[in-house]
2 protein chains.
Amino acid sequence: MKRLTILDVAERAGVSVGTVSNALNRPEIVAEKTLASIQAAMDELGFVRNAAARQLTGAKSPAIGLIVLDIDNPFFTEVYRGVEAAANEAGYLVVVCGLSGDPTHERRQLRLLEEQRVAGILATRVGKGNSRVYSQMRKRGMPVVMLDRRSAGKNQCSVAVDDVAGGRLAGEHLCGLGHERVALVNGPRDWTQCADRRSGFLTAVEDAGATLLPDADLEFEKMTIGAGEEAAREILAAAEQPTAIFCANDLLALGVEHALIAAGHRVPEDFAIVGYDDVAFATMAFVPLTSVRQPAGELGKRGAEQLLSEATDENHKHEQIVFEPELVVRASTGAPVPSAR
Amino acid sequence: MKRLTILDVAERAGVSVGTVSNALNRPEIVAEKTLASIQAAMDELGFVRNAAARQLTGAKSPAIGLIVLDIDNPFFTEVYRGVEAAANEAGYLVVVCGLSGDPTHERRQLRLLEEQRVAGILATRVGKGNSRVYSQMRKRGMPVVMLDRRSAGKNQCSVAVDDVAGGRLAGEHLCGLGHERVALVNGPRDWTQCADRRSGFLTAVEDAGATLLPDADLEFEKMTIGAGEEAAREILAAAEQPTAIFCANDLLALGVEHALIAAGHRVPEDFAIVGYDDVAFATMAFVPLTSVRQPAGELGKRGAEQLLSEATDENHKHEQIVFEPELVVRASTGAPVPSAR
DNA sequence: GCGCCGCTATGAAACGTTTCAAAAACTTGC
DNA sequence: GCAAGTTTTTGAAACGTTTCATAGCGGCGC
């Protein structure tokens, strides 16, 4: 099957290649009649223009890359939808790279994206040791926007949610209800967001005069339902038990809740639980989850818009957007019940 | 910032462009020493080769397209993971097109993918009226694999799950428990999978001498939690009420269960519920959901493998793979409780 | 009928790579 | 030291598009 080119179309329509190219890119300067015959020729032939050749002559790639290290989390699905919406609006495709957190794979995919000369890259989390890779890419001229993560500096775009505030919100809520011994089920602390949520939470707890039990200051590599279940077991096995548990995302919280209830405990009477992200399923849980809400879709949308602006607008201004999180109270939190102990 | 080309590298390393190209593509035919100096030159310059130019000379695009019309459903996240795993394994990128079911957008994205000359396209569902678009693409030589959908014919690859069997499984389970009046909460019936699930379910129900209440044979455009909640309201409002409800996916089922319980009914005593897909959250539901399980990850993986085989293997054989679904029984189903009525 | 003008159409160069036939640079063995 | 190999390198053509300076074509006013 011989490949169809603009030349075949030109021949068929009885015009030159230049004219076909004009018809494709600036139809307004081509005579009505000519345009029609070119259109007809393309339809009959089933011509689809070659983006590679196009790109070679200077056109920008109509694609952006989206790096997601944690695709299981419905939170990121929402982010994706925001990104997709903005990208689609502008006529761009989204290349999703979601390999579960292997830094080597991440590098390989970044390299591929760069070879493709995608218009830009949106990153939700940077794999261990890969931040240098990103800064090198930026130096070579590739627009990069950090999503859901405070940017390193002013010379770069970023969209984020104030995680310190989010952690504080959770802590204040629990302590406000009267909890005095609390637990934290966190993700890897070298991930800025986890560190921030922890620090905000800790501040609130200390300010309220409560204590984060040292045995219950947990950290898990993966922030999954499974990890949450394990966390619950560890908490139950500890010497001293908390009356409230803050989980750094809803998946963990769901796992914690599930395991706790399976073990015969009551939520919120025995353990109050606060999650993070407010994913759609938080409402559907056995005990609907109190959670810190983040505007996931908006996050993705604004990030993609920033990226595309940086990619196409000469006088683009870098911008650091920070959203404020919001506490959504549901049934999984309540005051501690002394009698239950 | 002037663009770096292979020529700059050649100059810096003191060799010809041909040699640099060789170093990149067939390092084994280049002398050790030359290779080293080229490598050094590339590193110093920060050279990244241009995939567009490469593709123009015959190389295949290292990307495949994945069309998902229903990205909210965690089921598709799992499919994606399978696809990504297979693609990554083979060194491919995945372009995800997930715009929520608008056929016009779908066509636009397909066009972009085709212009990019992606190695192939994986489609999980075909938007209304777009099947012709797909067959035209195939005619032009673009490999297309239908995922999770019985293919039209033998001259095309496909991977699917037997949805008729899945529906039957649900029907047999419920009728086997003694339910005699059942409801169906389905998605759009012009989607093959929904039609199939319905027909399998119907067969089982009729074989068992039970009846699908005419008032409770529901069909919703979107298969979401929200639609499920609405379904529950409709079922409760109907003249005659079922004792069991089969939902064509877990999102619907979760919504139904939630609304039912919110309205003060008990699951499974008042209403037994069966879902479909067995998403991770089915276990976490208020009442853990009985569901028909599909091997989502495997589906995506095999589909991508088929696609890549078709894209790269001269003597590729088309193949239609059909997986068998499996019933996972949890707390949301039980025998009908006469006293409750 | 001429010179101009405004539209349209043309075609060659350029984009950054790969390929491949041919040249160059080495090795051998004698 | 030379012929015959063998290994390595070379450079020009090709890929499919866009761009842009230039050419062609009508019509118009005089």
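Every chain is numbered from 1, with letters handed out A, B, ... down the list of sequences.
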Checking all strands, does [X] fall into the base, sugar-phosphate, or nothing category for heavy-atom contacts under 4.0 angstrom?
X: T5(B); answer: sugar-phosphate
X: R26(B); answer: sugar-phosphate
X: N22(B); answer: base

Exercise. Return the residues of residues 9-19 of chain B meeting this criterion: a heavy atom under 4.0 Å from some atom of DNA chain D. Order them by number, or give none.
Key: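 Result for residues 9-19 of chain B: V15(B), S16(B), G18(B), T19(B), sorted by number.
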Self-check item: Residues in contact with DNA chain D, drawn from residues 41-48 of chain A - heavy-atom cutoff 4.0 Å
Solution: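 Those residues whose heavy atoms fall under 4.0 Å from DNA chain D, taken from residues 41-48 of chain A in numerical order, are F47(A).
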How long is the gap from [atom1] on [X] to [atom2] on [Y], to the nearest 0.5 Å?
X: D313(A); Y: Q306(A); atom1: CG; atom2: CD; answer: 12.5 Å
X: K222(B); Y: D72(B); atom1: NZ; atom2: CG; answer: 7.5 Å
X: R132(A); Y: R107(A); atom1: CZ; atom2: CZ; answer: 10.0 Å
X: L66(B); Y: I64(B); atom1: CG; atom2: CD1; answer: 7.0 Å
X: R302(B); Y: S158(B); atom1: CZ; atom2: OG; answer: 11.5 Å
X: Y134(A); Y: M146(A); atom1: OH; atom2: CE; answer: 6.0 Å

Quiz prompt | Of the listed nucleotides dT18(D), dC15(D), dT17(C), the one nearest the side chain of L56(B) | solution =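 Of the options given, the side chain of L56(B) lies nearest dC15(D).
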Quiz item: Of all the nucleotides listed (dT18(D), dA9(C), dT8(D)), which has the minimum atom distance to the side chain of V30(A)?
Solution: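 The listed nucleotide nearest to V30(A)'s side chain is dA9(C).
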Interatomic distance where [atom1] belongs to [X] and [atom2] belongs to [N] [whole Å]:
X: L24(B); N: dT19(C); atom1: CG; atom2: C1'; answer: 14 Å
X: D8(B); N: dG16(C); atom1: CG; atom2: P; answer: 9 Å
X: K60(A); N: dT17(D); atom1: NZ; atom2: C1'; answer: 17 Å
X: E32(B); N: dT8(D); atom1: CD; atom2: P; answer: 10 Å
X: Q55(A); N: dT19(D); atom1: CD; atom2: C1'; answer: 17 Å
X: L7(B); N: dT10(D); atom1: CG; atom2: C1'; answer: 13 Å
X: I6(B); N: dA13(D); atom1: CD1; atom2: C1'; answer: 15 Å
X: I38(B); N: dT17(C); atom1: CD1; atom2: P; answer: 13 Å

Do NZ/NE/NH1/NH2 and the carboxylate oxygens of [X] and [Y] come within less than 4.0 Å?
X: E115(B); Y: R54(A); result: no
X: K301(A); Y: E84(A); result: no
X: E106(B); Y: R111(B); result: no

Distance below 4.0 Å between [X] side-chain N/O and [N] OP1 or OP2:
X: N50(A); N: dT17(D); answer: no
X: T34(B); N: dT9(D); answer: yes
X: R3(A); N: dC15(D); answer: no
X: R54(B); N: dG16(C); answer: no

Self-check item: Close side-chain approach of C157(A) to L307(A), heavy-atom, < 4.5 Å
Solution: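 They are not in side-chain contact.
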Quiz prompt | Donor-acceptor contact below 3.5 Å, side chain Y80(A) vs main chain V96(A) | solution =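 Answer holds: no.
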Quiz item: Is it true that atom CD of E44(B) has more than 12 heavy atoms of other residues, nucleotides or ligands lying nearer than 6.0 Å?
Solution: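 For E44(B), atom CD is crowded (more than 12 foreign heavy atoms under 6.0 Å).
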Quiz item: Between the two ends of the helix from dG1(C)-dC30(D) to dC30(C)-dG1(D), what is the bend in degrees, rounded to 10 degrees, where each end axis spans five pairs?
Solution: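 Computed from the C1' atoms at both ends, the axes differ by 40°.
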Quiz item: Looking at L7(A), D8(A), I6(A), which one forms a side-chain contact (heavy atoms from CB on, under 4.5 Å) with L4(A)?
Solution: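 Looking at L7(A), D8(A), I6(A), the match for L4(A) under the side-chain contact (heavy atoms from CB on, under 4.5 Å) is D8(A).
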Quiz item: For DNA chain D, whose closest nucleotide is more 5', that of A31(B) or that of T57(B)?
Solution: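 Result of the comparison: A31(B).
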